[in-house]
Asker: 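The structure follows.
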Amino acid sequence: MRETPKILSAVLAICLLFPAIPALGGRHDQSASPDTLRLLCIGNSFSKDAVEQNLHEIALADGHILIIGNMYIGGCYLEKHWMLAERDSAAYSFRKIGADGVLVNHHDTSISQALADEPWDVVTFQQSSGLSGLPESYEPWLTNLVKYARKRIPRRCRIMLMQTWAYASNATNQFYGNYDSSQQKMFDAICKTYGDAARKHRLGLIPCGTAVQNSRHTFNRENVTRDGYHMHKWFGRYLVACTFYEALYKQSVVGNGYRPPHLGEERTDLAQRCAHAACEHPGTVTQIDFDNPSDTSNGRWKPVQVNTDPSKVPAYTLPDALTMQDGHKVTTPEQWYSERRPELLELFETQMYGKAPGRLEDMEWEIAEEGPALDGKALRRQVRIFFTKNKYVTVLIYIPEGADGPVPAFMGMNFEGNATVSPDTSILYPEPEHAKAYGIYKEQPRGNRASRWPLEDIIGRGYGLVTFHTSDIDPDFDDGFGNGVTPLIYRKGQVYPEPDQWGTLSAWAWGMSRVLDYLETDPDVDAARVAAIGHSRLGKTALLAAARDTRFAMAISNDSGCGGAALSRRRYGETLRSITGTFPHWFCGNFFKYIDNEDSLPFDQHEFLALIAPRPLYVASAENDSWADPVGERLSFQGAQAVYDFLGLDRSLTRYHIREGAHGITLEDWKHYLDFADDHLLKH
Ligand code: GCU
């Protein structure tokens, strides 16, 4: 125990001999008051997630002083805890938050030392997450540990179990196999093992795992972990701390006044309610009823209301694309390009998507694989672009064989990995270590999204295809902005983007620009004739990439909907409230102030589309895609067309179609895009 002065070791030894005398030689926090509660967790990184942030502050907000000790060894499991206790091994980091809320890390501490350190009121144990649903992993070690602790803690001290949680449905954690990679199976198993252990030893239960599972049954879905198993730095950690609080104090956490960092009101409220429901019904998921005012809500949460009734679209006035923020009219095309366009772009960047950095200084690339494809009709090239030593994107490129010089190309990201784009067996899957860093990722069968990428047609008509996986830039879930490229722009000490710094859509669009940087060096692709294309969330991204980076020669938005081509003010189908609830990571922090407040947006999406001018712009919708608001997409497109007209641009530069059917990108859509590209990207 490095921090204990040597002179005290004799006293400490006495303490160990008479453990019922509380903490004579320990660090017993003198600043505590009579009603201070003292909590000691014997745990690992999961207890770190649960008790080292927020918990002290939540208690304080309700007037309680809480001293917290966390005996930490990464991944430690019950059998190992027992082995270390038996040997009295000083193998732990004893991380202690005092009455003042400050965490001090005492290295090289043994369980007996920690138990003697304070007159603890509560001691918790937990199983390591991978083993937590396996009953055979609990005994006899839990029995031994409970006995061991009881001998060393005050009589009144409660021993509790901290229930761990199931992994994200597509988690890459190696132990997920214990549950056939099924979240439900893991959750059910955890409920059973912890429930049985708590009954057997008559211990209280802190139902963190149930709280996590509750949150997955709300709009928040999988945005609760940061890597598929550890808690999201802000939401998840706050959620489990809330659960701890309520289980410790038996006092509802709903309405607690502490505001955790980087969480909006909705998710703060959501966490409180999920934790509360878990404490009330620990063994089962509670479907939180946001519509029911008699639910445990304190009334802050507003349910997501989705309108798909055209007659209920509210009256709204669109901002005039040709009026500057200060009220001046744009009277000439030059003024549009030199004043209004930069003003709008700045607004979209700072108020909606978030600013991205430019090209990184030390970017490098290498060809990872190259070979013939499509029966010799194409060349396949796979290129790795390195942002740092470990962060890279693998770009899959197909180039028509026998082209007469560099070809025009479509660049679009893919949702589920390059290998899903075509059954071509030479497409590389991500290296396991690389995929692990995605956190949530499930390897998909080759070619399972091939219908979205009519490669033969694209190649046959003389175009290249350039694609890469979203996760290589930023995995598509909210982890609190720790993974992906986001941290690359953090200044020293920064842990979260500023309100005007990039969210995930912006990071993805930035990725498209970086791939274009590479294409500028590729001898077979004409980087000056690259169309940015994307479906749905990736349509939003393609538009942003082309709006920001005028090197893209064309923009194609396929069913991009809310946050893409569709007007926000119509509030039809997906709304700002809904999109920011389910995908809190997509936009920048500033955007959240426009939720339920669309009329105060300093722009609407027709002005976003207008940023593509003077380059060709294609917007497409699908009739049954009410979530993406096809009417709102068309109206927005027409609003952009008015700017193209003002700029004196030919109508052939803008095209729109709506096809029958549902949300998706089909061969029919692609045929339109190829025709459009023929008109504008082929050299005639
Ligand atoms: C969700 C989301 C949309 C998005 C779509 C997609 O439906 O709400 O905004 O466009 O996913 O990307 O498929």
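Remember, it's a predicted structure, so these values are computed and weren't measured experimentally. Order of listing sets the numbers, starting from 1, for every ligand and every atom in it.
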Asker: Will you find, in the side chains of His232 and Tyr238, an N or O donor that is under 3.5 Å from an N or O acceptor?
Answerer: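 Looking only at side-chain atoms, Tyr238 and His232 do not form any donor-acceptor pair under 3.5 Å.
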Asker: Examine ligand 1 and decide if any of its atoms is less than 4.0 Å from a heavy atom belonging to His535.
Answerer: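 It does not; every heavy atom stays at 4.0 Å or beyond.
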Asker: Is ligand 1 under 4.0 Å from a heavy atom in the side chain of Ile579, in the backbone, in both, or in neither?
Answerer: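 Contact part for Ile579 vs ligand 1: side chain (C-beta onward).
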Asker: Could you list which atoms of ligand 1 come closer than 4.0 Å to a heavy atom of Lys540?
Answerer: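 Per the distance check, 3 (C), 4 (C), 9 (O), 10 (O).
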Asker: Under 3.5 Å, is there a donor-acceptor pair between the side chain of Asn223 and the main chain of Phe477?
Answerer: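 No: the side chain of Asn223 does not pair with the backbone of Phe477.
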Asker: Starting from atom 11 (O) of ligand 1, locate the nearest protein heavy atom and write down its residue, its atom name and how far away it is, to 0.1 Å.
Answerer: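 Protein heavy atom with the smallest distance to atom 11 (O) of ligand 1: Arg537 NH2, 2.9 Å.
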Asker: Near Ser536, which atoms of ligand 1 are under 4.0 Å from a heavy atom of that residue?
Answerer: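 By the 4.0 Å cutoff, the relevant atoms are 4 (C), 5 (C), 6 (C), 10 (O), 12 (O), 13 (O).
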Asker: Can you spot which of Asn170, Asp227, Asp472, Thr172 makes a side-chain hydrogen bond (donor to acceptor under 3.5 Å, both in side chains) with Tyr438?
Answerer: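 The option that passes is Asp472.
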Asker: At under 4.0 Å between heavy atoms, is it the side chain or the backbone of Glu574 that contacts ligand 1, or both, or neither?
Answerer: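 Side chain only.
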Asker: Show me which atoms of ligand 1 lie under 4.0 Å from any heavy atom of Phe583.
Answerer: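 Checking each atom against Phe583, I get 1 (C), 2 (C), 8 (O).
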Asker: Below 30° counts as parallel, above 60° as perpendicular, anything between as tilted: where do the rings of His680 and Phe676 land?
Answerer: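 Rings of His680 and Phe676: perpendicular, over 60°.
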Asker: Which atom names give the shortest non-hydrogen contact between Arg615 and Ala553, and what distance separates them?
Answerer: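 Shortest heavy-atom separation between Arg615 and Ala553 comes out as CB-O, 3.6 Å.
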Asker: How far is atom 7 (O) of ligand 1 from its nearest protein heavy atom, and which residue and atom name does that atom have?
Answerer: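 Heavy-atom neighbour on the protein nearest atom 7 (O) of ligand 1: Trp627 NE1, 3.1 Å.
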Asker: Taking all non-hydrogen atoms of both residues, which atom of Val485 and which atom of Ala507 are closest, and how far apart?
Answerer: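 Minimum heavy-atom separation between Val485 and Ala507: CG2-CB, 4.0 Å.
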